Amino acid sequence: QVQLVESGGGLVQAGGSLRLSCAASGRTFNSYAMGWFRQAPGKEREFVAAINWYGARTSYSDSIKGRFTISRDNAKNTVYLQVNSLKPEDTAVYYCEARRKDGLADASYEYDYWGQGTQVTVSS
């Protein structure tokens, strides 16, 4: 089992940047593929980005491609989401999710664990 704790969210002006972090417990972090999802008020959770076990492969949703970058440091049991050129429509709670199966997945039901989320608010 793995526990996930997100951090790094906050209030930022449009055009600004943040780096979200997700720290995972356990000794087998490199056996989990990771994903970032977000959920805005009144909307369903949507896929943002995913990364495989060793970080060799990544995928992104079209809405954030070119602005966000997912990465991981297996030595630190941490996955990151660098978010640049933020827009008000990026405002949401951002969740980190983990799955035991390798590969890239863009649906939340394909993940086994998730954290409590970190709030990102972008002002215009």
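These figures come from a predicted structure and were not determined experimentally.
- No continuous path of hydrophobic side-chain contacts links V93 to V79 [ILVMFWY only; heavy atoms under 4.5 Å].
- No more than 12 heavy atoms of other residues, nucleotides or ligands sit less than 6.0 Å from atom CD of Q116.
- Follow the hydrophobic side-chain contacts under 4.5 Å out from W36 and you reach V12 in the same cluster.
- Remark: D90 does not engage K87 in a salt bridge, criterion side-chain N to carboxylate O under 4.0 Å.
- There is a path of hydrophobic side-chain contacts, each under 4.5 Å, that joins I51 to Y113.
- Pairing each heavy atom of A105 with each of A50, the nearest pair is O-CB, 3.8 Å.
- The 12-atom threshold is not exceeded at CD of Q3, counting heavy atoms of other residues, nucleotides or ligands nearer than 6.0 Å.
- Atom-to-atom distance recorded for T91:OG1 and Q119:CD is 7.0 Å, nearest 0.5 angstrom.
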>> Between Y54 and R72, does the side-chain hydrogen bond (donor to acceptor under 3.5 Å, both in side chains) criterion hold? Intermediate values first, please.
In response: CA-CA 8 Å; Y54 292 101; R72 66 189 297 163; over 6 Å; no
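- Here the OG atom belonging to S25 is positioned 7.0 Å from the CG atom belonging to L4, to the nearest 0.5 angstrom.
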>> side-chain contact (heavy atoms from CB on, under 4.5 Å), that's the test. Do S7 and T118 meet it? Break it down for me.
In response: CA-CA 6 Å; S7 62; T118 185; 5.5 Å; no
>> Evaluate E6 against S21 for side-chain hydrogen bond (donor to acceptor under 3.5 Å, both in side chains), listing each step before the verdict.
In response: CA-CA 6 Å; E6 301 94 335; S21 299; over 6 Å; no
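- Closest approach of S63 and R38 over heavy atoms only: OG-NH2, 3.7 Å.
- The OG atom of S59 sits 8.5 Å away from atom NZ of K65, with the distance rounded to the nearest 0.5 Å.
- Between V5 and C22, the closest side-chain pair of non-hydrogen atoms is not below 4.5 Å.
- Side-chain atoms of D73 and T78 include no donor-acceptor pair closer than 3.5 Å.
- Clustering ILVMFWY residues whenever any of their side-chain heavy atoms sit less than 4.5 angstrom apart, transitively, puts W53 in a cluster other than the one holding L104.
- Clustering of Ile, Leu, Val, Met, Phe, Trp and Tyr side chains at separations under 4.5 Å places Y111 together with F37, F47.
- Two residues are said to be in side-chain contact when any heavy atoms from C-beta on lie closer than 4.5 Å; M34 and C96 meet this criterion.
- A donor-acceptor pair is defined here as one N or O able to donate and one able to accept, closer than 3.5 Å; no such pair exists between the side chain of R100 and the backbone of Y32.
- Shortest non-hydrogen contact noted between A14 and S124 is CB-CA, 4.4 Å.
- In terms of heavy atoms, G103 sits closest to N52 at N-CB, 4.2 Å.
- Judged as a ring-ring contact (aromatic ring centres under 6.0 Å, His included), not a single pair has a partner in residues 58-106 (not counting sequence neighbours).
- Under the 4.0 Å criterion applied to side-chain N and carboxylate O atoms, R99 and D112 are not assigned as salt-bridge partners.
- At a threshold of 4.0 Å, the pair E97-R45 counts as salt-bridged, since one of the basic side-chain nitrogens sits closer than that to a carboxylate oxygen.
- You'll find the side chain of L86 reaches within 4.5 Å of the side chain of L18, heavy atoms only.
- Taking OG of S71 as the reference point, atom CD of Q82 lies at 8.0 Å (rounded to 0.5 Å).
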